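The block underneath contains the structure these notes are about, expressed in structure tokens.
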Protein chains: 2
Amino acid sequence: MIRGINKKHKVGCLMPSKRINPADWLTALDESGFRVTTVQETLIDIFARSEYPLSAEQAWEIARQSRPKTGRATVYRMVDKLENLGLIRRVHGYQGCSHFVPTLPELMMLFICLSCGRADYLDSQPLEDLIQHSEHTSGHHITDSRLQLFGDCADCQENA
Amino acid sequence: MIRGINKKHKVGCLMPSKRINPADWLTALDESGFRVTTVQETLIDIFARSEYPLSAEQAWEIARQSRPKTGRATVYRMVDKLENLGLIRRVHGYQGCSHFVPTLPELMMLFICLSCGRADYLDSQPLEDLIQHSEHTSGHHITDSRLQLFGDCADCQENA
DNA sequence: GCCTTATTGAGACATGGTATCAATAAGGAT
DNA sequence: ATCCTTATTGATACCATGTCTCAATAAGGC
């Protein structure tokens, strides 16, 4: 379960919802040859608006509030599709590995606050440097990476 | 530096089994107040010797070869215990998130070869630097991290 | 060797995710 | 706008992975 999901916070200042446009996601689906349906709109909206990483199960629960007939399998299929299209990405961590956050256009490092549960996106230049360095010293060819940082976000430190 | 990459060998040069001593693991269990049992010895041996990340299910399968009556739940419990004691760590990645590798005493970065599946341990200084840098620029307090690198290992590149 | 109790094994159970298939609804063609 | 084709959906059965229960076993202190 997501920690802090029921806590009341001043503002969601970590999740970059402003930077995500659901309409762009629909365009992406359309351009990939998929039909644009109402379930998709519903789910895209849910993921794009959420302040917290969401699991498929949680997304289903939320979806049924506005669209009661939504099927469970459909949500799982949709989450899969969104992940494959790179629109959302899996959070590997303390809450298990089945929660997702929207992807930002640029490659970014994920930070998860262990106190309020929210995600933040950090500039990934340091990661790119690290990769290049490790490639050099190890001799391995690095084609992909997965980094997550955990701790107390600036807000939570302040309110502690 | 570990690596232990010996370019003359085609197999088994990545996992640092030499550096892991099953006896130490038993000592760790003992010192944590747990009883030392034969299942534990069996499983510790399996994890310490494996060249590849193993899931609980895989470890169970292997365990039954030498100890047919081994119970499934026992293996899951044991894997849990080993993870909690920090003796093995979870690999988050392409094979799902339920495989484990032995932990090395020092904090190290994991590299997984997408071609042969083996794990390698890289020096983690770059990661520590990255964390410090990100802490500074983000204002978050970072208490834990999770990094994994994927690609083609030196061996596989050579043999391609 | 005895006694206490942590650990085990077997199997029932829970959870998270997938496969099947008839019904529905996108969206191009008319 | 209406029809037609077929991707998508919803319901449900299913599977895989992991957990719980509880009687039987075996560590290890005495």
Side-chain angles (χ1 to χ4, degrees), chain A residues 1-2 23 25-46 53-85 87-88 90-100, chain B residues 23 25-46 53-85 87-88 90-100:
Chain A
M1 221 358 96
I2 291 204
W25 293 23
L26 290 172
T27 306
L29 279 166
D30 192 27
E31 282 172 357
S32 303
F34 297 110
R35 291 184 182 174
V36 174
T37 66
T38 66
V39 200
Q40 289 177 350
E41 291 179 37
T42 305
L43 284 171
I44 283 174
D45 229 58
I46 287 169
L54 293 177
S55 65
E57 215 71 23
Q58 290 174 322
W60 183 42
E61 211 171 300
I62 299 171
R64 277 178 302 166
Q65 288 168 14
S66 62
R67 205 170 163 290
K69 274 170 288 193
T70 306
R72 204 165 81 100
T74 303
V75 173
Y76 276 95
R77 280 186 286 237
M78 201 53 206
V79 164
D80 239 52
K81 194 179 285 184
L82 291 176
E83 192 190 10
N84 286 333
L85 289 174
L87 296 170
I88 59 178
R90 195 177 287 270
V91 173
H92 294 264
Y94 286 101
Q95 318 132 319
C97 302
S98 45
H99 290 67
F100 297 82
Chain B
W25 292 23
L26 291 172
T27 307
L29 279 166
D30 193 26
E31 282 172 357
S32 303
F34 297 110
R35 291 186 182 170
V36 174
T37 66
T38 66
V39 200
Q40 289 177 352
E41 291 178 39
T42 306
L43 284 171
I44 283 174
D45 229 58
I46 287 168
L54 292 178
S55 65
E57 214 70 24
Q58 291 174 319
W60 182 42
E61 210 171 301
I62 298 171
R64 277 179 301 166
Q65 288 169 15
S66 62
R67 204 173 163 289
K69 272 170 285 198
T70 306
R72 208 164 78 98
T74 303
V75 175
Y76 276 95
R77 281 186 287 239
M78 201 54 206
V79 165
D80 239 53
K81 194 179 283 182
L82 293 177
E83 191 189 10
N84 287 333
L85 289 174
L87 296 171
I88 58 177
R90 194 178 287 272
V91 173
H92 295 265
Y94 286 100
Q95 319 131 316
C97 300
S98 44
H99 289 67
F100 297 83

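Source: prediction; values computed, not measured.
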* To do: Decide whether A/T38 and A/R67 meet the rule of one side-chain donor and one side-chain acceptor closer than 3.5 Å.
  =>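 Their side chains do contain a donor-acceptor pair, which is all the 3.5 Å distance test asks for.
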* To the nearest Å, give me how far apart CD (B/E41) and P (C/dT8) are. =>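 The distance from CD of B/E41 to P of C/dT8 comes to 11 Å, rounded to the nearest Å.
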* Asked: Can you check the B/L29 CG to C/dA6 C1' distance for me, whole Å?
  ->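 Value for this atom pair: 13 Å.
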* Between B/H92 and A/C97, what is the shortest heavy-atom contact and its length? ->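 Shortest heavy-atom contact: ND1-SG, 3.3 Å.
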* **Interface with DNA chain D, restricted to residues 55-67 of chain B and to heavy atoms under 4.0 Å** =>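 DNA chain D contact set from residues 55-67 of chain B: none.
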* Asked: Considering the options B/L54, B/T70, B/V79, B/V75, which one meets the side-chain contact (heavy atoms from CB on, under 4.5 Å) requirement together with B/L43?
  ->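 Exactly one option meets the side-chain contact (heavy atoms from CB on, under 4.5 Å) with B/L43, and it is B/V75.
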Look up atom [atom1] in [X] and atom [atom2] in [Y], then write down how far apart they are to the nearest 0.5 Å.
X	Y	atom1	atom2	value
A/I88	A/K81	CD1	NZ	12.0 Å
B/Q40	B/L26	CD	CG	7.0 Å
B/N84	B/S32	CG	OG	10.5 Å
A/I46	A/W60	CD1	CH2	12.5 Å
B/R72	B/R64	CZ	CZ	9.0 Å

* Residue mapping more 5' on DNA chain D - nearest nucleotide basis, A/G71 or B/F34 ->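 Closest to the 5' end, via its nearest nucleotide, is A/G71.
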* Asked: Where the side chain of B/Q58 meets the backbone of B/S55, is there a donor-acceptor pair that is under 3.5 Å apart?
  ->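 Yes: the side chain of B/Q58 pairs with the backbone of B/S55.
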* Is the distance from OP1 or OP2 of C/dG17 to the nearest side-chain N or O of A/Y76 less than 4.0 Å? ->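 Result: yes.
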* **C/dG9 base / B/R72 side chain donor-acceptor hit below 3.5 Å** =>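 Looking at the base of C/dG9, it does not pair with any donor or acceptor on the side chain of B/R72 (distance under 3.5 Å).
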Listing time: all N or O pairs from protein to nucleotides 20-26 of chain C that are below 3.5 Å?
{"residue": "C/dA26", "atom": "N3", "partner": "A/R35", "partner atom": "NH1", "Å": "3.1"}

* For side-chain contact (heavy atoms from CB on, under 4.5 Å), just list the numbers for B/T27 and B/E31, CA-CA rounded to whole Å, side-chain angles, deciding distance to a tenth of an Å, and then say yes or no. => CA-CA 6 Å; B/T27 307; B/E31 282 172 357; 3.5 Å; yes
So which protein nitrogen or oxygen atoms get under 3.5 Å of nucleotides 28-30 of chain C's nitrogens or oxygens?
none

* Mind checking whether A/M78 and A/L82 have side chains closer than 4.5 Å, heavy atoms only? ->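 Yes, close enough: below the 4.5 Å cut-off.
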* What nucleotide, of D/dG10, C/dT8, D/dT19, holds the atom closest to the side chain of A/T74? ->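 Given the options D/dG10, C/dT8, D/dT19, the side chain of A/T74 is closest to D/dG10.
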